[in-house]
Structures are given as structure tokens and as C-alpha cells.
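These figures come from a predicted structure and were not determined experimentally. Each ligand, and each atom within it, is numbered from 1 in the order the structure gives.
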Amino acid sequence: MTNFGLVVAATEELGIGMLSTLPWRIPKDMAFFKHVTMHVPKEFPSNQTTPQNAVIMGRVTWESIPPKFRPLSERFNIVVSRNPTYDLQLANAQQPSTLLVSSLEEAFAAVDPQQHPRCFVIGGAQMYRLAIKHATCTHILLTRVKSKVDCDTFFPEINETDYRLASHEEMEAYVEQEVPRGLQTHKDLEYEFTMYIRRSFQPVSPTIENHPA
Ligand SMILES: NC(=O)c1ccc[n+]([C@@H]2O[C@H](COP(=O)([O-])OP(=O)(O)OC[C@H]3O[C@@H](n4cnc5c(N)ncnc54)[C@H](OP(=O)(O)O)[C@@H]3O)[C@@H](O)[C@H]2O)c1
């Protein structure tokens with residue numbers, strides 16, 4: 001099975017959502033999310049087809065994305081629902097960049113390391129809870145929202161025997177761009193970019209976690 005990462009923004013209490021939406025709007029975190037989920041590692045071999053990362057999300061998270069922004073562009077969107085006839089309401093029903101599946105396992109099976117250099121589970125709580133237990137969940141990109149924000153949906157506990165907090169340099173090497181260091185502010189919110197790595201993770205190369213061979 002393909003290695004994958006989680007991308008999340010969470011408070012110190014691990015709050016991630018409120019009333020089925022994001023409880024904040026942090027433009028630099030949205031830009032970070034976009035970069036992380038879109039970026040194809042520089043070492044990824046180029047061939048005729050343009051590689052795109054895969055993003056896996058639960059049905060509630062899919063619905064929380066404004067219709068004009070979904071599917072998330074330049075990414076292979078995989079939506080998980082128990083309802084096999086769920087209507088993704090795509091403007092173009094032939095959207096090749098979007099797939100409906102009925103389990104997380106089916107989502108991973110749809111990811112082809114030759115076409116999808118990286119795979120990320122992007123929420124919500126139900127998906128994170130299932131995904132974080134997988135041995136192939138190698139990275140957690142966690143934007144820590146330091147301010148108190150009311151939430152009704154929570155990210156699972158990060159077990160420190162399984163994951164370690166990575167250094168800022170390790171995070172920058174993984175995302176292949178500079179990341180603002182330390183406490184950031186947006187209006188009355190304080191936040192910080194962090195990353196966790198699974199302790200057992202052995203990279204094939206510093207930036208490619210799946211062998212595209
Ligand atoms: N802060 C962040 O970084 C972040 C990121 C993403 C989302 N969020 C927030 O998280 C909240 C949504 O999270 P959520 O936990 O309520 O929903 P979710 O994980 O996005 O989606 C839940 C849905 O996924 C499907 N599902 C769950 N387990 C399944 C399984 N084992 N097999 C097949 N399908 C399964 C079900 O869809 P059906 O009901 O259709 O069967 C279920 O209702 C929102 O507030 C959102 O804004 C926050």
C-alpha cells in the first residue's frame with residue numbers, strides 16, 4: 001500500500017471543525033495546504049503524463065469545500081462515503097480527477113505511485129481517525145492553531161511512540177520550500193507550521209516516499 005500523509009490544522013485541544021466547516025480562515029495556511037498537496041517532488045521522474053498528487057477526504061469534508069473550488073484543482077480527488085450512489089455534483093460528470101469510493105482501503109487502492117507521487121488524507125475527523133493508525137501513514141503536517149477556538153470536531157491523539165515531531169529543516173526538505181518558522185499571526189489567531197514523522201519511516205530518498213519504479 002502507498003505511503004501517505006495527513007494534512008490538518010488543529011488547536012492545542014486538537015479541534016479541527018465546527019458545524020461541518022473550518023472554524024477559521026488563515027490565508028497562509030490555505031496557501032501552505034495548497035502547496036503541500038499539489039507539489040510534485042523534484043526528484044519524481046517525469047514521463048508523458050503529468051503527475052498529480054492524490055487527496056483523500058470524507059464526504060463531509062468534500063461538502064465543506066465551496067462547489068466552485070471542487071474538485072481541488074491539479075489533484076486527484078478521492079471522496080469516501082458509505083453511499084455508493086452519492087452524487088458528487090460535479091459540473092462535468094466525466095471529471096477524471098474525482099473518484100467516489102466506499103472505504104479508505106478502496107481509496108488507497110486507487111492511488112497509483114507512478115501517476116500520483118504523493119497521497120494525502122485531508123480530513124475530516126472520521127478519516128483522520130482511520131488513517132492515523134495505518135503503518136503507511138508516514139507524515140502529519142499539522143498547523144497548530146495556538147489560539148482558543150471553539151470546535152465540535154477533533155483530530156485524534158498523536159501517539160508519540162509512533163510519531164516524532166520533525167525539525168523545521170525536515171519539514172522544509174519534505175515540502176521543498178521555505179516554511180515560515182515559529183509563531184505566526186493572522187488577525188487575532190496565532191499558529192505554527194509543524195510536522196510529525198512516523199518513527200519507523202525509512203525514506204527511499206529525502207523527498208520521495210514511494211518508489212515510482
Ligand atoms: N482543520 C482541518 O484541517 C480540517 C480538515 C478537513 C476537515 N475539517 C473539518 O472536519 C469536519 C468534518 O469531519 P467529519 O469527521 O465530520 O467528516 P469526514 O471525515 O469529512 O466525513 C465523514 C463521512 O465519511 C464517510 N465515512 C466515514 N467513515 C467511513 C468508512 N469507514 N467507510 C466509508 N465511508 C466512511 C461517511 O460518509 P457518508 O455519510 O456519505 O456515508 C461519513 O459521514 C468539518 O468541520 C470540516 O471542516 C477540518
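Among the atoms of Leu19, none of the N or O lies under 3.5 angstrom from an N or O of ligand 1. The distance criterion of under 3.5 Å between nitrogen or oxygen atoms is not met by Ser103 with respect to ligand 1. At a 3.5 angstrom cut-off on N or O pairs, Gly124 counts as close to ligand 1. The shortest N or O to N or O distance between Gly17 and ligand 1 is not below 3.5 Å. Backbone and side-chain nitrogen or oxygen atoms of Ala9 are examined, and one is located within less than 3.5 angstrom of a nitrogen or oxygen of ligand 1. For a threshold of 3.5 Å applied to N or O pairs, the pair formed by Thr21 and ligand 1 contains at least one separation below that value. Distances between N or O atoms of Ala125 and those of ligand 1 include at least one value under 3.5 Å. In terms of N/O distances under 3.5 Å, ligand 1 is not approached by Thr153. Between Trp24 and ligand 1, no pair of N/O atoms sits closer than 3.5 Å.
Below 4.0 Å from some heavy atom of Gly123 lie the following atoms of ligand 1, by number and element: 6 (C), 20 (O). Annotation for ligand 1: atoms under 4.0 Å from non-hydrogen atoms of Ser102 are 32 (N), 33 (C). Ligand-side atoms of ligand 1 in range of Leu130: 31 (N), range being under 4.0 angstrom from any heavy atom.
Salt-bridge annotation for Glu13 and Lys148: present, with a side-chain N of the basic residue lying under 4.0 Å from a carboxylate O of the acidic one.
If you check each of Arg82, Met18, Glu105 against atom 28 (N) of ligand 1, the one with the closest non-hydrogen atom is Arg82. Among Ile65, Val80, Asp29, the residue whose heavy atom sits closest to atom 34 (N) of ligand 1 is Val80.
Contact analysis puts Ser20 in contact with ligand 1, with a non-hydrogen atom separation below 4.0 angstrom.
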Next on the checklist: Would Tyr86 and Ser102 count as a side chain to side chain contact (heavy atoms under 4.5 Å, CB included) here? Give the steps.
Outcome noted: CA-CA 10 Å; Tyr86 175 69; Ser102 59; over 6 Å; no
